[in-house]
Amino acid sequence: MEKATISEVARHEGKEVTLNGWLYNKRSSGKLWFLLIRDGTGIIQGVASKEDVSESTFQHCMDVTQESSLSVTGIIAEDKRAPGGYELQVKELRILQLVEDYPITPKEHGTAFLMDHRHLWLRSSRQVAILRIRQEIIRACRDFFDQNGFVLVDAPIFTPAACEGTTTLFETDYFGSQAYLTQSGQLYMEAAAMALGKVYCFGPTFRAEKSKTRRHLTEFWMLEPEVAFMDLDGDMELAENFIAYIVQRILQNRSEELKQLERDTASLEKIGTPFPRLTYDEAVQILKKKGINFEYGNDFGGTDETVISEGFQKPVMIHRYPAAVKAFYMKNDPEDLSKALCVDVLAPEGVGEIIGGGQREDDYDTLVEKIKKHQLPLKAFQWYLDLRRYGTVPHAGFGLGIERTVSWICGLPHVRETIPFPRMMHRLTP
RNA sequence: UCCGGCGUAGCUCAAUUGGCAGAGCGGGUGGCUGUUAACCACUAGGUUGUAGGUUCAAGUCCUACCGCCGGAGCCA
């Protein structure tokens, strides 16, 4: 007897196969049962009529409950009445475990309840589609950099000090002294770029901010490239090529999942290079024109970002923010020292910032001054300053937030469904 | 931390002016040979978040607390 997965049943048409999986749902019409079976690769309808199966198998069809694990044997047949176009004409049904009272029923539930049962919620077809898209996005990220001469360099998770003084860090005891969970691998990537030229890291990032919004997680995944001998223009070019590549890959390889999520793919198909580029000053002008009350010199808030990106169908790159609102390692614009050579990429459709990056300060004396100005401990940054002591070069990079990217591409309003087990201010379980 | 909202059956929600706590789903029993979150009949299921207060009477009004939601700030 041949084993098969639901994703490739078309290949087995007319043949007898065995499927291993779980019961997704079932319906009956007296002496005829319809079993929706899922196996992780898809869902297929099994049909069992009393005339064609043994008494015990028909009894099993009656008894089997939602999410019971099972092994079912039958013939694959094309049938227009079946969801998916193929169905399994059941010959034998074996129940591996009969489930009692599966908590998630085929009706509506609130997100709090579903999040409490996240370990089971993952089995629902919508969550399966999101996780498959997430995996393809991550694979596209890796492929893009691997194919363009970048070297993957892993950054540490434990760090001795803040990369950016502003954000709150998760503190942990490290053999009696303080250590923090990383909030960015960037500083380490700068070191790696001086060793290997073009590098990137991909790993979890931790922010202890008490943010309770649909865009925030306390633990999220970030992809951070860093390139030696690259300036801000090169950085922006890299960012737009990168994002366009990811979107193309998802449209190519995950169209079924996008369809299942009812994602409007027409807006994704428009995401080609080049992306619109605005200076901070130009972006402020847009806000002023739309009558938004905004004080020049501040960073943009969430609603400001939405208003700016509303006017475009592609991601918008905003560059040269006031240096005062940006991190210490940003290089100042030599043509206007009050500005930083930085760029934020705002995704369309109100998702907000998915990339933040820029050109790094490469001058030793200037960097020392900036560390002092931001009141950061100079001692902790000696190794970082070494990169400017020994063969300093212009370099740039950025960080892409994976969950915000997934939420944009999937068209999800909240990032909590874009990661298997989200960590938020009020969510540490399951 | 601040602002706003919500806590009623396992789940999603009703309950008029303060006046007998209810429905759908899920569970159980029975029926139905092409169902599409199937349907039909019957059935079990409740300390209305917690503590106090007002009242003849509180799910409903008042006070405090707890929990959650998402917006601000901050950020990807």
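All chains are named by letter (A, B, ...) in the order of the sequence lines, taking the proteins before the strands, and each is independently numbered beginning at 1. None of these values were measured; they are calculated from a predicted model.
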> For A:R214, which contact category applies under a 4.0 Å heavy-atom criterion: base, sugar-phosphate, or nothing?
Replying inline: sugar-phosphate
> Just by distance, with hydrogens left out, do A:S68 and A:T65 show a side-chain donor and acceptor under 3.5 Å apart?
Replying inline: yes
> When rounded to the nearest Å, what value does the distance between P atoms of B:rA58 and B:rG18 take?
Replying inline: 14 Å
> Side chain of A:E305: nearest nucleotide among B:rC69, B:rC75, B:rA76?
Replying inline: B:rC75
>> Before you tell me yes or no, could you show the steps for A:R134 and A:E403 under salt bridge (charged side-chain N to carboxylate O under 4.0 Å, His left out), namely the whole-Å CA-CA distance, both residues' side-chain angles and the distance that decides it to 0.1 Å?
In response: CA-CA 8 Å; A:R134 178 188 169 98; A:E403 286 74 19; 2.9 Å; yes
> Hey, are A:D336 and A:S338 close enough side-chain-wise for a donor-acceptor pair under 3.5 Å?
Replying inline: yes
>> The side chain of A:L32 is closest to which nucleotide in this list: B:rA72, B:rG34, B:rA76?
In response: B:rG34
>> What verdict does the salt bridge (charged side-chain N to carboxylate O under 4.0 Å, His left out) test give for A:R126 and A:E257, after you've listed the backbone C-alpha separation in whole Å, the side-chain angles of each residue and the deciding distance to 0.1 Å?
In response: CA-CA 8 Å; A:R126 198 179 153 78; A:E257 284 79 3; over 6 Å; no
>> Under a 3.5 Å cutoff, is there a donor and acceptor pairing between the side chains of A:T213 and A:H216?
In response: yes
> Starting at NE2 of A:H426 and ending at P of B:rC69, how long is that distance when rounded to a whole Å?
Replying inline: 6 Å
>> Under a plain distance cut-off of 3.5 Å, with no hydrogens placed, do A:R118 and A:Q127 share a side-chain donor-acceptor pair?
In response: yes
>> At less than 3.5 Å, do the side-chain atoms of A:S211 and the base atoms of B:rC74 form a donor-acceptor pair?
In response: yes
>> Rounding to an integer number of Å, can you tell me how far A:I409 CD1 sits from B:rA76 P?
In response: 19 Å
> Roughly how many Å is it from CE in A:M425 to C1' in B:rC75, rounded to a whole number?
Replying inline: 15 Å
> In whole Å, what separates the P atom of B:rU17 from that of B:rC61?
Replying inline: 11 Å
> Taking the nucleotide of RNA chain B with the closest heavy atom to each, which residue, A:G30 or A:K80, is nearer the 5' end?
Replying inline: A:G30
> Taking the P atom of each, how far is B:rG4 from B:rC65, in whole Å?
Replying inline: 15 Å
>> Hydrogens and angles aside, do A:Q186 and A:E190 bring a side-chain donor and acceptor to less than 3.5 Å of each other?
In response: yes
> A:E295 CD to B:rG73 C1': how many Å, rounded?
Replying inline: 15 Å
>> Within the 4.0 Å heavy-atom criterion, would you say A:E219 contacts the bases, only the backbone, or no part of the nucleic acid?
In response: nothing
>> Could you check whether A:T205 and A:E219, counting side-chain N and O atoms only, form a donor-acceptor pair closer than 3.5 Å?
In response: no
>> Determine whether a donor-acceptor pair (one donor, one acceptor, N or O, separation below 3.5 Å) exists between the side chain of A:H216 and the base of B:rC75.
In response: yes
> Taking any strand in view, what nucleotide pairs with B:rC65 in a Watson-Crick or G-U wobble way, both distances under 3.5 Å?
Replying inline: B:rG49
> B:rU33, B:rG34, B:rC32: which one has an atom nearest the side-chain heavy atoms of A:S28?
Replying inline: B:rC32
> Contact class for A:D79 vs. all strands (heavy atom < 4.0 Å): base, sugar-phosphate, or nothing?
Replying inline: base
> Does the side-chain ring of A:F220 lie flat on the base of B:rA76, meaning centres under 5.5 Å and planes less than 30 degrees apart?
Replying inline: yes
> With no angle test and no hydrogens, is the base of B:rG71 tied to the side chain of A:T303 by a donor-acceptor pair under 3.5 Å?
Replying inline: no
> Considering only the C1' atoms, how many Å lie between B:rU43 and B:rG26, rounded to the nearest integer?
Replying inline: 14 Å
>> Categorize A:K50 for me: base, sugar-phosphate, or nothing, with a 4.0 angstrom heavy-atom threshold over every strand shown.
In response: nothing
> Are the ring centres of A:F381 and A:F328 closer than 6.0 Å?
Replying inline: yes
> Distance only, no hydrogens: is a donor on one side chain within 3.5 Å (strictly under) of an acceptor on the other, for A:Q260 and A:R132?
Replying inline: no
Detail all sub-3.5 Å separations between protein N/O atoms and N/O atoms belonging to nucleotides 7-15 of chain B.
| from | atom 1 | to | atom 2 | distance (Å) |
| --- | --- | --- | --- | --- |
| B:rC11 | O2' | A:E108 | O | 3.2 |
| B:rC11 | O2' | A:H109 | ND1 | 2.4 |
| B:rU12 | OP1 | A:G110 | N | 3.1 |
| B:rU12 | O4' | A:E108 | O | 3.3 |

>> Only pairs with both distances under 3.5 Å count, Watson-Crick or wobble alike; so what is the partner of B:rA21 in this structure?
In response: none
> To the nearest Å, how far apart are A:L114 CG and B:rC68 P?
Replying inline: 17 Å
> Say you pick atom C1' in B:rU29 and the same atom in B:rU47; how far apart are they, in whole Å?
Replying inline: 30 Å
> How is A:E403 classified with respect to the nucleic acid when contacts are heavy atoms under 4.0 Å: base, sugar-phosphate, or nothing?
Replying inline: nothing
>> As a test of reading the structure: which of B:rC74, B:rC75, B:rG27 is closest to the side chain of A:R207, going by heavy atoms?
In response: B:rC75
>> Suppose we define a pair by two distances each less than 3.5 Å, Watson-Crick or G-U wobble; what does B:rC42 pair with here?
In response: B:rG28
>> In this structure, how many angstroms lie between the P atom of B:rA76 and the CD1 atom of A:I318, rounded?
In response: 14 Å
>> Does A:Q66 reach a base, just sugar-phosphate, or nothing at all? Heavy atoms under 4.0 Å.
In response: nothing
> Does the side chain of A:R215 get closer than 4.0 angstrom to OP1 or OP2 of B:rC74 through an N or O atom?
Replying inline: no
> For A:F170 and B:rC74, what is the distance between atoms CZ and C1' respectively, to the nearest whole Å?
Replying inline: 14 Å
> Using purine N1 to pyrimidine N3 plus N6-O4 or O6-N4 for Watson-Crick, or N1-O2 and O6-N3 for G-U wobble, each under 3.5 Å, what pairs with B:rG70?
Replying inline: B:rC3
>> Can you measure A:R27 atom CZ to B:rG31 atom C1' for me and round it to whole angstrom units?
In response: 19 Å
> Between B:rG30 and B:rU48, how far is it from one P atom to the other, in whole Å?
Replying inline: 34 Å
>> Let's see if you can work this out: which of B:rU1, B:rU33, B:rC75 has an atom nearest to the side-chain heavy atoms of A:S29?
In response: B:rU33
> Tell me, which pairs form a ring-ring contact (aromatic ring centres under 6.0 Å, His included) where one or both residues lie in residues 103-124 of chain A, sequence neighbours left out?
Replying inline: A:H109-A:F113, A:F113-A:H117
> Phosphate oxygens OP1/OP2 of B:rG70: is one of them under 4.0 Å from a side-chain N or O of A:K212?
Replying inline: no
>> Below the 4.0 Å mark, does B:rG70 have OP1 or OP2 next to a side-chain nitrogen or oxygen of A:H414?
In response: yes
>> In whole Å, measure the gap between the C1' atoms of B:rG59 and B:rC20 for me.
In response: 14 Å
> If you measure from the P atom in B:rG7 to the same atom in B:rU16, how many Å do you get, rounded?
Replying inline: 13 Å
>> Measuring from the side chain of A:L217 (C-beta onward, heavy atoms only), which nucleotide among B:rA76, B:rC75, B:rU35 has the closest atom?
In response: B:rA76
> Under a 3.5 Å cut-off for both distances, is B:rG59 Watson-Crick or wobble paired, and to whom?
Replying inline: none
> Quick one: which of B:rU33, B:rC69, B:rG34 gets closest to the side chain of A:E51?
Replying inline: B:rU33
> So which nucleotide does B:rU8 pair with, by the Watson-Crick or G-U wobble rule with both distances under 3.5 Å?
Replying inline: none
>> Categorize A:R427 for me: base, sugar-phosphate, or nothing, with a 4.0 angstrom heavy-atom threshold over every strand shown.
In response: nothing
>> For A:D281 and A:Y296, which I'm curious about, is there any donor-acceptor pair between the side chains at under 3.5 Å?
In response: yes
